[in-house]
Amino acid sequence: MAFEGLAERLQATLKKLRGKGKVTEADVKEAMREVRLALLEADVNFKVVKDFVNRVKERAVDQEVMKSLTPGQQVIKVVNDELTQLMGGSQSKLAQSHRPPTVVMMVGLQGAGKTTTTAKLARYLQKQNHHPMLVACDVYRPAAIKQLQVLGEQLNVPVFAKGENDRPVSIAQEAVTKAKEEHCDYVLIDTAGRLHVDEELMSELADMREAVSPDEILLVVDAMTGQDAVNVAERFHRELELSGVVLTKLDGDTRGGAALSVKAVTGCPIKFVGMGEKVDALEPFHPDRMAGRILGMGDVLTLIEKA
Amino acid sequence: TKTSQSFVGKVEALVTGRRKIDEEFYEELEEILIEADVGVMTVMELVDELRSDVKERKIENPTELRPLLSEKLVALLEDKGEKADLNVNAEGLTVLMFVGVNGVGKTTTIGKMAHKFKSEGKRVLLAAGDTFRAGAIEQLEVWGERVGVDVVRHQAGSDPAAVVFDAIQAAKSREVDVLLCDTAGRLQNKVNLMKELNKIYRVVQREVPGAPHEVLLVLDATTGQNALNQAKTFKEAAGVTGIVLTKLDGTAKGGIVIAIRHELDLPVKMVGLGEKVDDLQPFDAEEFVYALFDPLLAAQDDTDK
Ligand SMILES: Nc1nc2c(ncn2[C@@H]2O[C@H](COP(=O)(O)OP(=O)(O)OP(=O)(O)O)[C@@H](O)[C@H]2O)c(=O)[nH]1
Ligand SMILES: Nc1nc2c(ncn2[C@@H]2O[C@H](COP(=O)(O)OP(=O)(O)OP(=O)(O)O)[C@@H](O)[C@H]2O)c(=O)[nH]1
Ligand SMILES: [Mg+2]
Ligand SMILES: [Mg+2]
């Protein structure tokens with residue numbers, strides 16, 4: 001597989017640097033070539049890679065690194081730092097409105113994991129003694145309402161659903177009213193998957209946003225997404241002003257470069273990651289771990305020590 | 001063929017507008033292919049080959065590059081260009097299995113394909129082999145109703161291999177032409193789930209000689225490099241014979257199938273172009289490769305104007 005040998009390649013390049021004891025600009029350039037490949041293979045968008053590599057190059061070429069006794073270590077540290085920083089600090093909290101209920105909208109492409117994540121969030125909130133309500137606003141996909149209802153039943157959480165003939169916007173509105181009556185303090189709205197270029201369905205989301213003024217709009221992104229992640233994130237962000245991202249299916253063996261792409265174009269924090277199909281498989285996002293994963297280096301810090 | 005000529009002609013045009021073969025050109029070519037999710041290694045190989053050929057043959061003028069680039073692209077095309085019809089059993093039962101990671105479009109593709117076979121006058125039956133995901137059985141049932149075909153189902157949580165076994169018996173006794181088996185989405189690194197899939201596969205093999213006639217790996221076009229791992233592992237566990245590339249109606253190009261073809265020799269058979277029952281088409285390799293170059297050709301059009 002193409003992935004294998006990548007960490008080794010980077011290590012080999014950096015070992016060469018260490019051997020020299022002093023780094024020239026040409027050395028840095030060579031190391032950056034490997035970094036670029038690593039990022040591209042991890043599905044980070046090529047434009048994001050370009051910016052990133054330029055920034056790292058600048059920092060790596062500065063005096064501190066060039067004069068360092070362990071330039072290889074320094075370069076890898078710069079890469080890791082920049083990557084971690086770019087993905088933002090850890091921040092895995094949901095917004096909480098001071099006038100409950102807090103309204104959360106889940107949006108994203110088809111099959112990304114919105115419905116599952118909606119249920120996972122309900123579970124997460126339940127554990128913190130909140131009282132979430134699930135809202136079934138996907139009136140398009142066959143049995144989408146049923147799916148949410150089954151999940152709600154599993155969790156013993158109320159599910160607000162209407163038929164498939166009601167408009168998603170009015171379902172969401174009614175749900176918020178209902179939540180107030182029933183003293184639910186969180187309203188989690190599951191919406192239908194849609195393409196970012198589907199103008200009609202995108203404006204449906206904008207209308208919903210207008211109607212229920214959500215405290216949080218989370219873009220659900222499949223961690224296996226390739227180069228297109230930037231287009232998707234850009235469009236959803238432009239239409240809706242996202243407040244955060246959930247990265248799903250990270251229990252797979254994908255490198256997950258989409259995390260970096262999405263963060264770079266939206267600036268929104270990645271709040272949670274999905275680590276499985278079950279309702280409790282939701283975890284906080286760790287930028288440092290993600291950096292290592294994207295670079296294919298497992299634990300970067302141990303590597304720095306070895307380098 | 002005629003279309004391939006016209007395609008090559010169009011791609012050649014991309015060179016025509018340039019005064020020289022410079023770094024910028026290679027970079028642009030590389031970026032276009034990478035942006036389309038063509039495997040990074042595959043892209044590097046292609047561009048490097050082109051680069052060294054240019055050096056070797058001392059090509060300076062872009063017009064001289066034309067035949068060379070065409071050659072490479074045609075090779076890319078020809079390798080992938082054969083008509084990839086679905087393998088169906090002319091007499092007796094055809095069994096098709098659908099496998100893949102979570103949320104790629106397996107169930108939807110089955111709905112669409114059921115419709116396609118039905119409108120060809122075939123008797124179709126569906127097996128609700130995803131007993132795991134909430135609402136999965138009901139989802140397939142809605143599709144069954146929509147296109148007017150029966151669904152064999154058990155309860156949620158039951159053994160999927162048993163569902164498929166029953167569906168095969170039902171297909172035999174009802175003299176069905178085509179049985180389409182849904183399976184639960186699973187990530188390829190989940191060893192137990194891949195074993196479960198292998199068990200389903202073996203039940204099909206055992207119960208119907210020559211089956212499954214196709215094991216279709218459903219791939220989401222928005223997927224990046226991980227699709228290569230998916231193809232490799234699903235091929236090992238369930239004898240994948242072809243690919244259905246879904247969600248091509250978005251902006252993703254699904255270029256990773258080139259790397260998959262390159263490394264694993266798996267052809268794309270069908271493409272999904274939407275969520276409706278008619279949104280399924282046979283794969284057209286030329287159209288596909290042509291779409292990869294859309295950005296370059298669009299830029300060309302701009303400079304032409
Ligand atoms: N392994 C794994 N599977 C997940 C995860 N999140 C969701 N899934 C699976 O991904 C598939 C799609 O999830 P859904 O929640 O139905 O996705 P969706 O975005 O609601 O899909 P649409 O409503 O059709 O747009 C299902 O098979 C889920 O079980 C995750 O973190 N890990
Ligand atoms: N735009 C678009 N959406 C599609 C296409 N094919 C499927 N979908 C949508 O993608 C989502 C997931 O499709 P499913 O058929 O449920 O996928 P699956 O692979 O069966 O999912 P799991 O069983 O959960 O693993 C649904 O919202 C479908 O409507 C396609 O070609 N284009
Ligand atoms: Mg859903
Ligand atoms: Mg399914």
Side-chain angles (χ1 to χ4, degrees), chain A residues 1-3 37-38 40-47 49-50 109-113 115-116 119 140-154 192-198 222-232 235 248-249 251-258 276-277 279, chain B residues 30-31 34-44 101-105 107-108 111 132-143 145-146 156 184-190 220-230 232-233 246-247 249-256 259 263 274-275:
Chain A
M1 282 291 103
F3 288 165
L37 284 181
L40 286 174
E41 284 192 332
D43 290 320
V44 182
N45 182 268
F46 80 93
K47 286 183 202 135
V49 171
K50 212 181 233 174
L109 293 183
Q110 287 94 345
T115 308
T116 309
Y140 307 105
R141 167 175 165 171
I145 297 172
K146 176 73 185 178
Q147 184 185 1
L148 198 68
Q149 282 169 334
V150 169
L151 292 167
E153 228 165 85
Q154 267 176 34
R194 66 202 71 214
L195 291 174
H196 52 296
V197 286
D198 186 331
D222 185 325
M224 295 174 277
T225 312
Q227 295 286 316
D228 204 39
V230 291
N231 299 327
V232 175
R235 227 15 196 277
T248 62
K249 310 181 198 174
D251 47 326
D253 58 10
T254 181
R255 297 273 277 286
E277 297 188 67
V279 284
Chain B
E30 192 181 293
E31 281 177 355
I34 285 174
E35 199 181 13
D37 289 316
V38 175
V40 178
M41 284 308 156
T42 311
V43 174
M44 298 297 166
V101 299
N102 309 80
V104 286
T107 309
T108 307
F132 179 74
R133 208 206 65 212
I137 298 170
E138 290 83 355
Q139 184 187 1
L140 194 69
E141 279 180 328
V142 172
W143 276 107
E145 271 162 41
R146 201 179 267 186
R186 67 200 76 219
L187 299 178
Q188 70 276 10
N189 61 334
K190 306 278 167 89
D220 183 330
T222 46
T223 312
Q225 308 296 301
N226 191 250
L228 205 52
N229 282 3
Q230 292 172 25
K232 186 170 175 266
T233 318
T246 61
K247 311 187 192 175
D249 46 326
T251 48
K253 296 279 168 60
I256 195 65
E263 293 191 24
E275 301 182 78

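On a predicted model such as this, the values are computed, not experimentally measured, just so you know. Numbers restart at 1 for each chain; the letters A, B, ... are given by sequence-line order, proteins then strands.
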Discussion item. Could you go through A/E277 and B/F132, starting from their C-alpha distance and side-chain angles, then the distance that decides it, and tell me whether this counts as side chain to side chain contact (heavy atoms under 4.5 Å, CB included)?
Written reply: CA-CA 10 Å; A/E277 297 188 67; B/F132 179 74; 3.5 Å; yes
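- A/Q110 touches chain B through backbone and side chain together, each having a heavy atom under 4.5 Å away.
- The candidate with the highest count of non-hydrogen atom pairs below 4.5 Å against chain A, out of B/G111, B/A252, B/A36, is B/A252.
- Distance check: A/L195 CG to B/T251 OG1 gives 8.0 Å after rounding to the nearest 0.5 Å.
- Take B/E31 and apply the side-chain contact (heavy atoms from CB on, under 4.5 Å) test, not counting sequence neighbours, and it matches A/F46, A/K50.
- For the atom pair CZ of A/R255 and CG of B/N229, the computed distance is 10.0 Å after rounding to the nearest 0.5 Å.
- Heavy-atom pairs under 4.5 Å with chain A were tallied for B/G224, B/G250, B/A227; the largest tally goes to B/G224.
- For chain A, the nearby part of B/V101 is the side chain; its heavy atoms alone come within less than 4.5 Å.
- Note that the NZ atom of A/K249 and the CG atom of B/N226 stand 11.0 Å from one another [nearest 0.5 Å].
- Considering only heavy atoms from C-beta on, A/D222 stays 4.5 Å or farther from B/T222 through its side chain.
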Indicate every side-chain donor-acceptor pair of residues 142-152 of chain A with a distance under 3.5 Å to a residue at least two apart or in another chain.
none

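- Just one residue in the list B/N102, B/N189, B/L187 forms a side-chain contact (heavy atoms from CB on, under 4.5 Å) with A/D251, and that residue is B/L187.
- Ranked by heavy-atom pairs under 4.5 Å with chain A, the list B/V40, B/D220, B/V142, B/D37 is led by B/D37.
- The greatest number of non-hydrogen atom pairs below 4.5 Å with chain A, out of B/M44, B/E275, B/Q230, B/R146, is found for B/E275.
- The most heavy-atom pairs under 4.5 Å with chain B, out of A/L109, A/D228, A/T116, come from A/D228.
- Neither the backbone nor the side chain of B/E141 comes within less than 4.5 Å of any heavy atom in chain A.
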Worksheet entry | Criterion side chain to side chain contact (heavy atoms under 4.5 Å, CB included) on A/L40 and B/I34, from CA distance to verdict | CA-CA 8 Å; A/L40 286 174; B/I34 285 174; 3.7 Å; yes
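- Across all their heavy atoms, A/Q227 and B/E35 have their closest contact at CB-O, 3.3 Å.
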